[in-house]
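Read the structure below first, then the notes.
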Amino acid sequence: MCGINGFNFRDKSLASKMKKFTKSRGPDADGEYNDESFTILHDRLSILDLSSDANQPMIFKDLVISYNGEIYNFRELKNQLINDGYKFKTNCDTEVILYLFHKYNIDAFKKLSGIFALSIWDKLNKKLYLVRDKVGVKPLFYHFNNNEKKFFFSSSIKSLLECVNTREINENVIWHYSNFGRNDLKETIFKGIFKLSPGELLIFDDKKKQYKLEKLLNFNFETTKFSNLNIKKIIKETVNSQLISDVPIALSLSGGVDSNIIYSVMREKFGNKFNIYSFYFKDYEKFNGDFYTAKKNAAFYKTPFFPIEISHTDFIETAEKAVEILEEPLANQCSILNYKMANSIHEKILITGDGGDEIFTGYDSYRSIHIINLIQKFNIFKNFEVNFGPKNFRRIFMNDPKEMYISFSEQNIYKDLNKYFKNMKFYNKSDLSLNHCKSHKLQNRLNHVCFLDLDTVIPNDFLLRNDKMFMSQGKEVRVPLLDINLINKFLMLNENRKFGNFFKSKNLLKKIFKNEIHSLVKRKWGLQSPYAKWLKGPLNSFAKEILSKTYYANSERFLNFDNIQEMLVKHQNEYYNPALIWSLINLQLFFRKFKL
């Protein structure tokens, strides 16, 4: 994993400014390439082939690569290229991508299995290629100054803020954030700075001084009826393929089935010669079921286990730093936990179980949607539009997975948004910003709601948060259960098979891997924290200070502070809107930190 930057002219001062914000992503080495047309920068985190020969930017003939990521099938591709006559100087995946592009041009990207955000500069044809992996594990941003015909790209938004002439807020993102607590748009919160979407290719023609975008990498869902034995074999092989490294690897373990499946594969490969890390919350045993199950499993298999304590002071001390690292407001409390773990682990690589819930239906909301879909089969009035009655009653009449998705989204969790945001804009299904889902005909099925999550919350919350928080400390996070091979094969598996006859979450995975897992937590709630309790006590004054005009008055154009202060008092007396309060705290911290 690394940090990459580039622009289509020479400027040593700008290069230094941009690299300042990506250095933490690649603390092991840095490199720079310049010609008359382009500047390419690289900060390296050494994972494969630790020698200086594998440093970047790497050059082959007229091609220059600066790349962030890991290619898990690089050895297979390398052998194919050797058979085609290519000679290799390194044992890294970067050289494989470079030669592959030389042979296949943009079709080379379709052959890659891994996580990546990469740039290739073709100095002969004066074209720059930027591409991002299908799932969106690694971020990539760009800015084009049309008046000056200057193009910039980076792993970091802050690097691109050094390139824009004026720093302006993008109000579209504010309204998206108010609905969902994250940004799913292609635009960032800073006008003129954009994200490259997962699976998207950007080609910048430096002769014409213009760029074009193409959706290059897509999901190809299978309808094969896999046996349980085959599912188990494919999952184990996929996890094992992501354990390649020339540096030590660690595991983030919970009490759930996903990380424990990965644990079983790592034991087969490494024995007990790797470390396990797990969170626990100080003085709140209710929230530590996951931790104690993870600790019990590690003790049973005699694997080194390192607890990471989380307290309310971590929220106070880390919140502002987290906002700065994330570069856009993000309302997930787990950013605090991620940052604490990133600062606690000793290894360069951490494996997590992210993604298993979306593919194998692990959330309570998914169970609810599945049951609703079954009820709908017997609802003779299901094609009627119903806008009255309790929430779950209305859901029985929803025939569009986008409506169902919104119904269970953060917009459903947040209460009375129009009281706390001025001129609040509520999003409906036509307002959703989709990427992969746009090219698929969505059906009224749970799997298609999972696909919507995979297209939105996964890249724009889970993966973005993992990448930003851990790479700020020079650590790489791998997510084997979000491997494209597993998504293509298993996302569309029959929902009844995933749940079983008794509507049990992860029923299929638990059944398949029951002999490989010692213990599982009795009830998996997701990653829960005592934040809402702390907000009634030690975090209350912290929240009141931040969510006030005196902390940062400029945000009053969006926020109604009088009502927000009343909400904080209401939460002290009862549990009310804690998720929205954290969302507002992050937004207010962001406004002040970036002076917007």
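Dense packing is recorded around NZ of Lys232, with more than 12 heavy atoms of other residues, nucleotides or ligands lying under 6.0 Å away. Counted within 6.0 Å of NZ on Lys422, heavy atoms from surrounding residues, nucleotides or ligands total more than 12; the atom is thus considered enclosed. The number of heavy-atom neighbours closer than 6.0 Å to NZ of Lys402, taken from other residues, nucleotides and ligands shown, is 12 or below. Atom NZ of Lys186 has more than 12 heavy atoms from other residues, nucleotides or ligands within 6.0 Å.
Between His176 and Phe180, the ring planes are tilted. Angles from 30° to 60° get that label. Using the six-membered ring where Trp is involved, His518 and Phe300 have ring planes that are parallel, under 30° apart on the 30 and 60° scheme.
A donor-acceptor distance shorter than 3.5 angstrom exists from the side chain of Glu495 to the backbone of Asn447, with no hydrogens or angles considered. Ser433 places a side-chain N or O within donor-acceptor distance of the main-chain N or O of Asp184, the cut-off being under 3.5 Å. Using a distance-only test at 3.5 Å, with no hydrogens or angles considered, no donor-acceptor pair links the side chain of Gln242 to the main chain of Arg478.
Asp453 and Tyr366 form a side-chain donor-acceptor contact under 3.5 Å, judged by distance and modelled atom types alone. Using modelled atom types, one finds a donor on one side chain and an acceptor on the other under 3.5 Å when comparing Glu358 with Tyr363. In this structure, a donor-acceptor pair under 3.5 Å is absent between the side chains of Asn577 and Asp416. With hydrogens and angles left out, the side-chain atoms of Ser154 and Ser156 include no donor and acceptor closer than 3.5 Å. Using modelled atom types, one finds no donor on one side chain facing an acceptor on the other under 3.5 Å when comparing Asn183 with Asn460. A donor-acceptor contact closer than 3.5 angstrom links the side chains of Tyr405 and Thr456. Ser335 and Arg465 share no donor-acceptor pair across their side chains, judged by distance under 3.5 Å alone. Checking Asn179 against Glu410 by side-chain atom types alone, no donor-acceptor pair falls below 3.5 Å. Tyr427 and Ser409 form no side-chain donor-acceptor contact under 3.5 Å, judged by distance and modelled atom types alone. Side chains of Tyr414 and Ser178: no donor on one and acceptor on the other come within 3.5 Å. Thr293 and Ser519 share no donor-acceptor pair across their side chains, judged by distance under 3.5 Å alone.
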Could you walk me through whether Arg25 and Asp467 pass salt bridge (Lys or Arg N to Asp or Glu O under 4.0 Å), step by step? CA-CA 9 Å; Arg25 301 181 64 90; Asp467 176 87; 2.9 Å; yes
Working note: Ile310 + Tyr531, criterion side-chain contact (heavy atoms from CB on, under 4.5 Å); need CA distance, chi angles, decisive distance, verdict. CA-CA 10 Å; Ile310 305 294; Tyr531 152 76; over 6 Å; no
Output, in order, the C-alpha distance, side-chain angles, deciding distance and verdict of side-chain contact (heavy atoms from CB on, under 4.5 Å) for Gln473 and Tyr339. CA-CA 9 Å; Gln473 305 303 309; Tyr339 184 75; 3.6 Å; yes
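Judged as a side chain to side chain contact (heavy atoms under 4.5 Å, CB included), and not counting sequence neighbours, the contacts of Gln572 are Asn540, Lys544.
A cation-pi arrangement is absent between Arg497 and Phe499 under the rule of less than 6.0 angstrom and at most 45 degrees off the ring axis.
When each of Tyr292, Phe305, Phe291, Phe306 is paired with Tyr280, the ring-ring contact (aromatic ring centres under 6.0 Å, His included) condition holds for Phe291 and for no other.
Nearest heavy atom pair, residue Asn170 against residue Thr188, reads ND2-O, 3.2 Å. The two residues Gly69 and Lys138 come nearest to each other via the heavy atoms CA-CG, 4.5 Å.
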